Amino acid sequence: MYKQGIDKIGYPELEKNILKFWKENSVFEKSVESRPKEKPFTFYEGPPTANGKPGIHHVISRTLKDLICRYKTMKGFRVERKAGWDTHGLPVEIEVEKALGIKSKSEIPQYGVEKYNKACRDSVFKYLDLWNEMTERMGYWIDLDSAYVTLTNDYIESVWWALKTLFDKGLIYKDYKIVPQDPKSETVLSSHELALGYRETKDPSVYVLFKIANKDEYFLVWTTTPWTLISNVALAVGADVNYVKVINKEKKIILAKDLLSVLDEEYKIIEEMKGSELEGIDYEQLLPYVKTNKKSFFVCLGDFVSTEDGSGIVHIAPAFGADDYELSKKYDLPMLQPVDRGGKFTDEVIDFKGQFVKDADKEIIIKLKKEDRLYKKETIVHTYPFCWRHPDVPVIYYARESWFIKTTSVAQKMVELNKSIKWQPPEVGTGRFGNWLEENKDWALSRDRFWATPLPIWINDDWEMFAVGSIEELKQGFIEENGKRIPVGEAENIDLHKPFVDKVLFEKDGKIYKRTPELIDVWFDSGSMPFAQYHYPFENKEWFEKNAFPADFISEGIDQTRGWFYTLHAIASMLFDNVAFKNIIVNELILDKKGLKMSKAKGNTVDPFVLFEKYGADAARWYLVVNSPPWRPTLFDEDGLVEVQRKFFGTLLNTYSFFALYAGIDGFKYEEEQIALEKREEIDRWIISKLNSLIAEYESMMDDYNVTKAARAVSEFTIDYLSNWYVRRCRRRFWKSEMNENKLSAYQTLYECIDTICKLTAPFTPFIAEEVYQNLNTVTKKESFISVHLADFPVKGKIDRELELKMDTAQNIVYLARALRAKSNLKVRQPLKKLMVVVSEDKKDAVLNMKDVILEEVNIKSLEILENESSLLNKTAKPNFKNIGPKFGKIVKLIADRISRLSIEEISEIEKENNLTFNLNGDEISISHDDVEIISKEVTGLLVESEGGTTVAIDTELSDELIAEGLAREFVNRIQNMRKDAGYEVTDKIKVVYSGTNKLADAIKIFSNYISAETLAEQLEYSERLNGGVVRDWKIGEHNCKIQIEKIST
RNA sequence: UCUACGGAAGCUUAACUGGUCUAAGCAUUCGUCUGAUAAGCGAAAGACAGUUGGUUCGAGUCCAACCCGUAGGACCA
């Protein structure tokens, strides 16, 4: 029989049972295998790093991924889902350094790269168990056993294949680039890391004099980094900027005219010129520590020069600034870099060698002052980036040689391809991602670290190079050991990592090739996952090309825009001339309830495990999707979660419980023939039509990847239509009569609704959907699936718009009538004589049709439709702007005003003739029925309520009989309450004894049959002597009474 | 400085292609229904829709400028 009381078990417990069921029956595997191979829906999992703990933000993206995949499965697609792990890169190294107590990069070779990388390898799965546990617990179906792992030889080999392909296409090159770097760890900082470290700091702000060659004149130059002056090779001015030569402090000084205010003391302008006139002027090297080998120390033109601050003359040190470097290429300037990667001056700078550059600032200034080259020195407070891991260490911009991928050469193609991707929300695709592509810069590929995929490029002394694209090719190389060459093919363990690959040498045409020492950006790893996860092209070649590329769907957080989304897109564009993914849902951050970012420091993080334990995974999944669209920053609020859980889950489970209760009593197992829709009650046809509308809307939303709207539609149907109207309206059908066709059709209808809701919610809340579905299906055996997740998506049936509208009208009238009752203080239990309704012509049928429903809902005896012609009505007209706007344009206001003052006669005319002509300021104006909305107002003093063209009035006059019936109903209500309080079963028969006023007793006598039937009272008698059973005093209106009920044993 | 998103009731959000007292939920007060529901229904109160202009007969909605918030990018000699 149907399982009872599932709403009493806690959700977490329920979910754990379901998890067990899934596992024992391999439901996930079956859900994949039961779908045809020829109908794939391709999904890519973005690999997380398992050396950090999973958080709530992982729950949201995994919910999205899971629900789309489950939905597509139900739609008949085969959705292979391979998990993946990102295992390389700096995040891993940082953790390991911490654990090993390594403080700077240079300590690593001493420690031993082999040992170090082993430690990295061991640490990458530090939290794997936790991740797996979360994945499983939240019901995220993905194949963890066959997960791809970026550190395996197979995976790296595929990445190498990609790199070689790009190399052979000429897309990989080596160049200098000015990069922000952390001098302490000697690592390049990504822009993301850089952004973490900006803060206010004090720096020297110095004005320096550069002496013009062979003249006693000076350029005034401003800088906040005096240490870069040593590496100065040129000065830059703006071509169109106005400059002046002034006499100031007895010196001839050149600076921008707009910045004269920086000068101390009086000055006299002796000459004006454009920046372009200054180009080419030579000057003397300021701090001649380093010799140059190219033409240097002259004035250049730079479009980046501004007169915002400084002097309008910018000092150029190509190794330490991006603008500077660009300019140096243009003017073929030398690059002076007397600073090592640790940010210390090299030996050439004899006075400051070994000093950290920032620390040398002071002494450099003193030196300049001694040489009379310091114009003035101030201190400036500005924001400057510091290393986020070492808060006291300023970032140094530093020229480094790096490998690049020439993504700019495919930028246009990437932009084009992007246009075919469906982004949800669209603005991320066009905006953030689109802009990024438009402003594409070459991809800085190399990293000077230890734990990552090695760059497979081998170089000889003559700078000839080639790329290795497979293990097979690597085997052509050899390793030297004790002076002997051992072919790589004979090596014991080929490990495509440092230090092994660095030992491999090649000899070609007598030249020895050695691997360039760099590793690659980890993002290249994850961006290669479409093919590398299948070890393409070494294995699965056909499968990949046919079934696994590009992805139909991916979903991750917005932070991946310039990360994974970009690398996937770039690599696919370059290698396959195609997109990597066709549809994408981007989720935003999850903030705490106040809208603040969650962080460990603030202590406002939400532990997913705690959440699952407290409310269950379904609740978290549902809340994150329903509460606000996932691509909007979501404020996470536990109270909100509780609310959606109570509302939606509570209602769904309760609707099921209701069904289970009565279906159990009646032994309904859906064994009977299905009753044809036409033979069912109108309300049955109505809810089925609503259900079909829901399926249609759900499908279109889901196919549009608008998951929030789909979920909300399900929620609305379940709560408002099914529970609060259908079930409530139909309760009697379930518990009153004997089994007959009417009752059967109620059962079948409700069953179908719940069954379908299970299937629609299954992608979102897989546990509860499973529970309810199984409870239904194991009894009825209607479907052969052991799990809702193996079931097919429901087939949409006929939608009866007309019927839906009819019911809307009826509901509308009911709400209005209830409002009237509330206003006049007439409880619904008090029956009333007459309900009068005025509706537009097209709704009259609907009202007559729904008469019984309406009357029963509002407990009124009769319904009368007042004809428009009735003298009871006072009508007014309202302008319908949608129509008259386009029709009358500018004079619409006048017309509207006139319409609202139409007389009753005029309104009748327009109703009859569908046309009315009147004079307005001399113009003949003609309006039709469509141009106005006619509202009726009762004038006979009855209560009236109206909305949207429907007007309702009730006759509040009470006859003795109506009052008696009202009392009887109240009496029933009290007995029912007592039954419930006493804990009687709904089928228990009882005996009722009561006492009270004469009037009440009379009413009870008149309606004794009704009362007995409603309360299952076998006996109903008046007596002053009450004893036994349950006794209680009541007050019904002004009538006191005593009621005693007692269960009759059968 | 650029780009995107957001700014509405105490809070969270909704409103298709512009249509005239902006809607719902939560919270508050009062009332009410119930033989499924920790539910439902009704009433009261609560928003000058960030600001200022513009287009239009009509703007929460379209356009422009600005302010505030969030995220991202550029720059910081």
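To find a chain, count down the sequence lines: A is the first, B the second, and so on, and within it residues start at 1. Computed from a predicted structure; not experimentally measured.
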Atom pairs, protein N/O to nucleotides 24-28 of chain B N/O, distance under 3.5 Å:
unit_1	atom_1	unit_2	atom_2	d
B:G25	O3'	A:Lys647	NZ	3.0
B:G25	O2'	A:Glu643	OE2	2.8
B:C26	OP1	A:Lys647	NZ	3.4

Using a cut-off of under 3.5 Å, enumerate the N/O to N/O pairs linking the protein to nucleotides 60-65 of chain B.
none

What are the atom names and distances for every N/O pair under 3.5 Å that joins the protein to nucleotides 54-57 of chain B?
unit_1	atom_1	unit_2	atom_2	d
B:C57	OP2	A:Lys890	NZ	3.0
B:C57	O4'	A:Gly889	O	3.0
B:C57	O4'	A:Lys890	N	3.3
B:C57	N1	A:Gly889	O	3.4

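Atoms CD1 (A:Ile665) and C1' (B:A36) sit 12 Å apart, rounded to a whole Å. Across the protein-nucleic acid pair, A:Leu624 atom CG and B:U13 atom P stand 13 Å apart, rounded to whole Å. Rounded to whole angstrom, the span from the CZ atom of A:Phe648 across to the P atom of B:A36 amounts to 21 Å. The distance between atom CH2 of A:Trp227 and atom P of B:A77, rounded to the nearest whole Å, is 10 Å. Whole-Å rounding puts the A:Leu722 CG to B:A39 C1' distance at 14 Å. We find that CD of A:Glu970 is positioned 10 Å from P of B:U32, with the value rounded to whole Å. Taking atom OH on A:Tyr207 and atom C1' on B:A77, their separation rounds to 11 Å, with Å as the unit. Atom CH2 of A:Trp423 is separated from atom P of B:U3 by 20 Å (rounded to the nearest Å).
Taking the salt bridge (charged side-chain N to carboxylate O under 4.0 Å, His left out) definition, one finds that A:Asp704 meets it with A:Lys422, sequence neighbours left out. Qualifying side chain to side chain contact (heavy atoms under 4.5 Å, CB included) partners for A:Asn418, counting only residues two or more places apart in sequence or in other chains: A:Ile421, A:Trp423, A:Phe433, A:Leu437, A:His569. Partners of A:Tyr751 according to the ring pair (Phe, Tyr, Trp, His ring centres under 6.0 Å) rule, which considers only residues two or more places apart in sequence or in another chain, are A:Phe659, A:Tyr670. Remark: A:Tyr243 pairs with no residue by the side-chain hydrogen bond (donor to acceptor under 3.5 Å, both in side chains) rule, at least two apart or across chains. With sequence neighbours excluded, no residue satisfies side-chain hydrogen bond (donor to acceptor under 3.5 Å, both in side chains) with A:Asn587. Considering only residues two or more places apart in sequence or on other chains, A:Glu970 meets the salt bridge (charged side-chain N to carboxylate O under 4.0 Å, His left out) condition with A:Arg829, A:Arg974. Remark: A:Arg646 pairs with no residue by the salt bridge (charged side-chain N to carboxylate O under 4.0 Å, His left out) rule, at least two apart or across chains. Applying the salt bridge (charged side-chain N to carboxylate O under 4.0 Å, His left out) test to A:Arg729 and every residue at least two apart in sequence or in another chain returns A:Glu856, A:Glu857.
The shortest heavy-atom contact between A:Asp324 and A:Pro318 is CB-CA, 3.7 Å. Nearest approach of A:Gly966 to A:Gln830, heavy atoms of both residues: CA-OE1, 3.9 Å. Across all their heavy atoms, A:Leu301 and A:Leu327 have their closest contact at O-CD1, 3.3 Å.
In this structure a side-chain-to-backbone donor-acceptor pair under 3.5 Å is missing from A:Tyr375 to A:Trp222.
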Watson-Crick and G-U pairing of RNA chain B, under 3.5 Å, as dot-bracket with | and [ ]
(((((((..((((.....[...)))).(((((.......))))).....(((((..]....))))))))))))....

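Among the nucleotides B:C5, B:A77, B:G40, the one closest to any side-chain atom of A:Glu427 is B:C5.
Among A:Phe658, A:Tyr11, A:Phe648, the single residue meeting the side chain to side chain contact (heavy atoms under 4.5 Å, CB included) criterion with A:Leu653 is A:Tyr11.
For the P atoms, the distance from B:A77 to B:G69 is 26 Å, rounded to whole Å. Between the C1' atoms of B:G19 and B:G60, the separation comes to 13 Å (whole Å). Annotation: B:G7 and B:A47 have their C1' atoms spaced 13 Å apart (nearest Å). Spacing of P atoms, B:A74 relative to B:U61, comes out at 33 Å, to the nearest Å. Separation of the P atoms belonging to B:A23 and B:A44 is 12 Å when rounded to the nearest angstrom. Taking the P atoms as reference points, B:A27 lies 15 Å from B:U12, given to the whole Å. The gap from the P atom of B:U52 to that of B:A59 amounts to 15 Å, rounded to the nearest Å. Distance check on atom P: B:G50 versus B:C11 gives 14 Å, rounded to whole Å.
Using a 4.0 Å heavy-atom distance criterion, A:Arg712 is classed as a sugar-phosphate-only contact. Nucleic acid contact class of A:Phe320 (heavy atoms, under 4.0 Å, all strands): none.
If A:Val428 and A:Val221 are placed on RNA chain B by their nearest nucleotide, the residue sitting closer to the 5' end is A:Val428. Projected onto RNA chain B by closest heavy-atom contact, A:Phe658 and A:Asp720 fall at different nucleotides, the more 5' of which corresponds to A:Phe658.
Between A:Asn973 and B:U34 there is a side-chain polar atom (N or O) within less than 4.0 angstrom of OP1 or OP2. Not one side-chain nitrogen or oxygen of A:Tyr656 sits closer than 4.0 Å to the OP1 or OP2 atom of B:A36. Taking 4.0 angstrom as the limit, A:Lys709 places a side-chain polar atom (N or O) nearer than this to OP1 or OP2 of B:A15.
Using modelled atom types and a 3.5 Å distance limit, the side chains of A:Thr228 and A:Thr225 yield a donor-acceptor pair. Side chain to side chain, A:Tyr726 and A:Asp720 fail the donor-acceptor criterion of an N or O pair below 3.5 Å.
Residue A:Glu643 holds its CD atom at 5.0 Å from NZ of A:Lys647, rounded to the nearest 0.5 Å.
Within 3.5 Å, no donor on the side chain of A:Ser723 pairs with an acceptor on the base of B:A39, nor the reverse.
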